[in-house]
Engineer: 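First the structure, which I've put down as structure tokens, then a few questions once you've had a look.
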Amino acid sequence: MLNVANLSKEYPTPRGALTVLSGVSFSLAPGDAAAITGPSGSGKSSLLYVLGALEPPTSGTVTLDGQDPFQLPAAALAAFRNQSVGFVFQDHCLLPQCTVLENVLVPTLVAPGRAGDDTERARTLVDHVGLTDRIDHRPGELSGGERQRVAVARALVRQPRLLLCDEPTGNLDRASADHIVSLLLDLHRQQHGILIVVTHSARLASRFHIQFELVDTRLQRTE
């Protein structure tokens, strides 16, 4: 369960604190898939960074299955992000010198585990995203949509409880964007975690059974 209570986020500026989030509260259970829309600069990415424990909140709390990651020491916090949270960004952020399989395996390199199991799971995910015939290719040999499918597989390789996607279709054409959203929803149903996607597209957001809008620093449920 993801619980967010009275979350606020501010950034210092020469003219004083800039508030981007105010009093954000919501809960999501395993199996929930939510879309967040809102104007550019409304704080959507900031919210994802706090939910994913990349940035601390100014006030309020975030807990995942009862654990507050911001109460953890630095090493434990890094382990929490690696094991419990998956990220898909608008820019796929793949390593250009690595193959598809190697890119998917990157999150497993900093965590203890069985290499054989990790590789088998990575190969399964590459197959699920439809890139088996591209598994030895490098990002420069892939289309934009194919690169983003690799990024989705990489985000899921550690079987995270929480998957956060920040404009994952923003650089894609409509057909590729539809495919990525379908892929996210299909894999989400298989893993039964919590999925949160930020998007500018109301059409894509309508495919999620939970929808929020972030306006004037506050989050409201819209459907």
Side-chain angles (χ1 to χ4, degrees), residues 1-9 21-38 42-57 59-72 76-89 107 111 121 124-125 128-129 151-169 180-215 217-223:
M1 177 74 73
L2 175 68
N3 287 305
V4 180
N6 203 29
L7 181 72
S8 296
K9 180 66 177 176
L21 300 170
S22 298
V24 172
S25 298
F26 66 93
S27 296
L28 295 173
D32 284 342
I36 299 175
T37 59
S42 61
K44 301 184 301 296
S45 294
S46 293
L47 177 57
L48 286 196
Y49 296 160
V50 174
L51 298 180
L54 290 174
E55 293 188 7
S59 62
T61 60
V62 177
T63 61
L64 183 61
D65 294 337
Q67 185 172 38
D68 182 347
F70 299 106
Q71 299 300 314
L72 299 172
L77 175 59
F80 173 89
R81 284 194 297 259
N82 178 262
Q83 296 168 12
S84 299
V85 184
F87 289 95
V88 180
F89 299 101
R121 174 161 178 75
T124 298
L125 283 167
H128 283 336
V129 301
V152 170
R154 179 184 58 192
L156 291 170
V157 73
R158 295 285 292 161
Q159 297 180 282
R161 293 175 285 167
L162 176 63
L163 179 61
L164 303 172
C165 306
D166 191 5
E167 295 285 0
T169 63
I180 290 296
V181 171
S182 295
L183 182 63
L184 283 168
L185 290 170
D186 287 345
L187 291 173
H188 165 69
R189 281 189 286 268
Q190 293 176 30
Q191 296 211 357
H192 201 67
I194 298 170
L195 170 64
I196 301 177
V197 174
V198 160
T199 178
H200 278 102
S201 171
R203 180 179 62 84
L204 294 180
S206 69
R207 300 182 59 184
F208 291 76
H209 68 275
I210 298 172
Q211 296 168 43
F212 296 102
E213 186 177 15
L214 188 57
V215 180
T217 76
R218 297 189 177 274
L219 190 73
Q220 58 188 16
R221 193 157 173 168
T222 58
E223 90 293 9

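Residue indices begin at 1 and follow the sequence shown.
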Engineer: Which residues pass the side-chain hydrogen bond (donor to acceptor under 3.5 Å, both in side chains) test with S25, sequence neighbours left out?
Structural biologist: none

Engineer: Going by side-chain hydrogen bond (donor to acceptor under 3.5 Å, both in side chains), name the residues that satisfy it together with S22, two or more places apart in sequence or in a different chain.
Structural biologist: T217

Engineer: Looking at every non-hydrogen atom in both residues, tell me the closest pair between V88 and A151 and how far apart they are.
Structural biologist: CG2-O, 4.0 Å

Engineer: Please name all residues satisfying side-chain hydrogen bond (donor to acceptor under 3.5 Å, both in side chains) with H192, sequence neighbours left out, ordered by chain then number.
Structural biologist: none

Engineer: Contact between L54 and R81 at the side-chain level, heavy atoms closer than 4.5 Å - yes or no?
Structural biologist: yes

Engineer: Let me have the donor-acceptor pairs involving side chains of residues 44-52, under 3.5 Å, with sequence neighbours excluded, atom names and distances please.
Structural biologist:
| residue | atom | partner | partner atom | Å |
| --- | --- | --- | --- | --- |
| K44 | NZ | G38 | O | 3.0 |
| K44 | NZ | P39 | O | 3.0 |
| S45 | OG | D166 | OD1 | 3.1 |
| S45 | OG | D166 | OD2 | 2.8 |
| S46 | OG | Y11 | OH | 3.0 |

Engineer: With distance as the sole test, does H188 use its side chain to make a donor-acceptor pair with the main-chain N or O of G31 at under 3.5 Å?
Structural biologist: yes

Engineer: Minimum heavy-atom separation for A155 and P160, please, with both atom names.
Structural biologist: O-CG, 3.4 Å

Engineer: Indicate yes or no: at least one non-hydrogen side-chain atom of V181 is less than 4.5 angstrom from one of T199.
Structural biologist: no

Engineer: Does the side chain of L187 reach to within under 4.5 Å of the side chain of V129, using non-hydrogen atoms?
Structural biologist: yes

Engineer: Please list, one pair per line, the donor and acceptor atoms closer than 3.5 Å that link side chains of residues 61-69 to other protein atoms, with sequence neighbours excluded.
Structural biologist:
| residue | atom | partner | partner atom | Å |
| --- | --- | --- | --- | --- |
| D65 | OD1 | M1 | N | 2.4 |
| D65 | OD2 | R161 | NH1 | 2.8 |
| D68 | OD1 | F70 | N | 2.9 |

Engineer: Can you list everything that forms a side-chain hydrogen bond (donor to acceptor under 3.5 Å, both in side chains) with R218? Sequence neighbours excluded, please.
Structural biologist: none

Engineer: Mind checking ring pair (Phe, Tyr, Trp, His ring centres under 6.0 Å) for F80 and listing every partner two or more places apart, or none if nothing turns up?
Structural biologist: none

Engineer: What are the two closest non-hydrogen atoms of L214 and G43, and how far apart are they?
Structural biologist: CD2-C, 3.4 Å

Engineer: Can you sort out the partners of A34 under side-chain contact (heavy atoms from CB on, under 4.5 Å), two or more places apart, ordered by chain and number?
Structural biologist: L28, I210, F212

Engineer: The criterion is side-chain contact (heavy atoms from CB on, under 4.5 Å); which residues satisfy it with A79, sequence neighbours excluded?
Structural biologist: Q83

Engineer: Donor-acceptor pair, distance only, cut-off 3.5 Å: does the side chain of E167 make one with the backbone of H200?
Structural biologist: yes

Engineer: Are any non-hydrogen side-chain atoms of L162 and S84 less than 4.5 angstrom apart?
Structural biologist: no

Engineer: Can you find a heavy atom in the side chain of L2 that is under 4.5 Å from one in the side chain of I196?
Structural biologist: yes

Engineer: So, the side chain of N6 versus the backbone of S59: is there a donor-acceptor pair under 3.5 Å, distance only?
Structural biologist: no

